[in-house]
Amino acid sequence: MTQTMQQQPPVLVLGGTGKVGRRVAARLTARGVPVRIGARTAVPTFDWNDPATWPGILTGEQSVFISYAPDIAVPGAPQAVAEFTEQAAAHGATRVVLLSGRGEQEAEAAERLVQDGPLPWTILRCSWFAQNFSENFLLDPVLGGEVALPVDTVTEPFVDCDDIAEVATEALLDDRHAGELYELTGPRLLTFGDAIGEIARAAGRPIRFITIPLEEFTAGLAAAGLSPDEVSLVSYLFATVLDGRNSSLRNDIERALGRPPRDFADYARETAKTGIWSR
Ligand SMILES: NC(=O)c1ccc[n+]([C@@H]2O[C@H](COP(=O)([O-])OP(=O)(O)OC[C@H]3O[C@@H](n4cnc5c(N)ncnc54)[C@H](OP(=O)(O)O)[C@@H]3O)[C@@H](O)[C@H]2O)c1
């Protein structure tokens, strides 16, 4: 049952300034639901690396959206997520929605701990975000006209962060989604070259995609100033997770929302209109 707005205490959105979290926060706000953001730049501040900041954002009987930073695939993420969930429950939280990743060992460990934890849960196990090309590390290469990655023919069902946020919002407000593990994918399998082709078409300018060796890619990341931990995470995602294990479609967005997921071409067209790829 959906709670009425008067009864609804602030929903806690961890990562509420990030790609998915800020879309969740915006949707909740548009529906008149009070929101508390959990992030280092929010007030009060919340830092996954400083557990002393955790109790300060817990306000009682609330739904909690967890987007772990820097990435649910890093060692230590499952324990931090489980510990936070325990603390939230002890403060009176009523449900948890976890943003997770597809085909990732640590992510699945975090999912299991949440499933075995004290709160009713919904898991959103997501494919690669389409918005990585417009709001993340792939934006600069797209703007530079050449995207060089250590992948060739592997396909990925890129999922739109707006779809993820819509499912998350429903799961935070409606008991119907409790106990559901939704595997969120887009409606179409694309290679990275296909995705760049869609973006180039939508942006109306040439963008080249090339496959490069992993070593060259990681050396480029290090030269661009990424920390060794960040380089190792991105390498893990490209070398291990993008091996074809996630090259399949699921209809869980339709199952959760009663409508199909947005296609990558729609994402590309709408994003091109914002001008972000024309700077
Ligand atoms: N990108 C993908 O394709 C993909 C696919 C599947 C799953 N995921 C998962 O999705 C999550 C990332 O979501 P996103 O892309 O929406 O995030 P994002 O855009 O990178 O934003 C990260 C959010 O976390 C906050 N944050 C960063 N460091 C923090 C810290 N130490 N303590 C507390 N908050 C911190 C940031 O705010 P402040 O900077 O203000 O702290 C921001 O709100 C990760 O868990 C990732 O594993 C990603």
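Ligands are counted one by one from 1 in listed order, and the atoms in each one are counted from 1 as well.
- For residues 229-243, every residue pair satisfying the salt bridge (Lys or Arg N to Asp or Glu O under 4.0 Å) rule, not counting sequence neighbours, is listed here: Asp243-Arg245.
- More than 12 heavy-atom neighbours from other residues, nucleotides or ligands sit within 6.0 angstrom of CD on Glu254.
- Between Phe238 and Phe192, the ring planes are tilted. Angles from 30° to 60° get that label.
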Between ligand 1 and the protein, find all N/O pairs closer than 3.5 Å and give the distance for each.
{"from": "ligand 1", "atom 1": "1 (N)", "to": "Asn132", "atom 2": "OD1", "distance (Å)": "3.2"}
{"from": "ligand 1", "atom 1": "3 (O)", "to": "Phe129", "atom 2": "N", "distance (Å)": "2.9"}
{"from": "ligand 1", "atom 1": "3 (O)", "to": "Asn132", "atom 2": "ND2", "distance (Å)": "2.8"}
{"from": "ligand 1", "atom 1": "13 (O)", "to": "Ser67", "atom 2": "OG", "distance (Å)": "3.3"}
{"from": "ligand 1", "atom 1": "15 (O)", "to": "Lys19", "atom 2": "NZ", "distance (Å)": "2.9"}
{"from": "ligand 1", "atom 1": "16 (O)", "to": "Lys19", "atom 2": "N", "distance (Å)": "3.1"}
{"from": "ligand 1", "atom 1": "16 (O)", "to": "Val20", "atom 2": "N", "distance (Å)": "2.8"}
{"from": "ligand 1", "atom 1": "19 (O)", "to": "Lys19", "atom 2": "N", "distance (Å)": "2.8"}
{"from": "ligand 1", "atom 1": "19 (O)", "to": "Lys19", "atom 2": "NZ", "distance (Å)": "3.0"}
{"from": "ligand 1", "atom 1": "28 (N)", "to": "Arg40", "atom 2": "NE", "distance (Å)": "3.4"}
{"from": "ligand 1", "atom 1": "28 (N)", "to": "Arg40", "atom 2": "NH2", "distance (Å)": "3.4"}
{"from": "ligand 1", "atom 1": "31 (N)", "to": "Asp47", "atom 2": "OD1", "distance (Å)": "3.0"}
{"from": "ligand 1", "atom 1": "32 (N)", "to": "Asp47", "atom 2": "OD1", "distance (Å)": "3.4"}
{"from": "ligand 1", "atom 1": "32 (N)", "to": "Trp48", "atom 2": "N", "distance (Å)": "2.9"}
{"from": "ligand 1", "atom 1": "37 (O)", "to": "Thr17", "atom 2": "OG1", "distance (Å)": "3.0"}
{"from": "ligand 1", "atom 1": "39 (O)", "to": "Arg40", "atom 2": "NH2", "distance (Å)": "2.8"}
{"from": "ligand 1", "atom 1": "40 (O)", "to": "Thr41", "atom 2": "N", "distance (Å)": "3.2"}
{"from": "ligand 1", "atom 1": "40 (O)", "to": "Thr41", "atom 2": "OG1", "distance (Å)": "2.4"}
{"from": "ligand 1", "atom 1": "41 (O)", "to": "Arg40", "atom 2": "N", "distance (Å)": "2.8"}
{"from": "ligand 1", "atom 1": "41 (O)", "to": "Arg40", "atom 2": "NE", "distance (Å)": "2.8"}
{"from": "ligand 1", "atom 1": "43 (O)", "to": "Gly15", "atom 2": "O", "distance (Å)": "3.3"}
{"from": "ligand 1", "atom 1": "43 (O)", "to": "Thr17", "atom 2": "N", "distance (Å)": "3.2"}
{"from": "ligand 1", "atom 1": "43 (O)", "to": "Thr17", "atom 2": "OG1", "distance (Å)": "2.6"}
{"from": "ligand 1", "atom 1": "43 (O)", "to": "Gly18", "atom 2": "N", "distance (Å)": "3.1"}
{"from": "ligand 1", "atom 1": "45 (O)", "to": "Tyr68", "atom 2": "O", "distance (Å)": "2.5"}
{"from": "ligand 1", "atom 1": "45 (O)", "to": "Ile72", "atom 2": "N", "distance (Å)": "3.3"}
{"from": "ligand 1", "atom 1": "47 (O)", "to": "Asp71", "atom 2": "OD1", "distance (Å)": "2.9"}
{"from": "ligand 1", "atom 1": "47 (O)", "to": "Asp71", "atom 2": "OD2", "distance (Å)": "3.2"}
{"from": "ligand 1", "atom 1": "47 (O)", "to": "Ile72", "atom 2": "N", "distance (Å)": "2.8"}

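- Using a 4.5 Å cut-off on side-chain heavy atoms (C-beta onward), Leu113 and Thr85 make no contact.
- Taking the ring centroids of Trp277 and Phe133, they lie at or beyond the 6.0 Å cut-off.
- With no hydrogens or angles considered, a side-chain donor-acceptor pair links Ser247 and Thr155 at under 3.5 Å.
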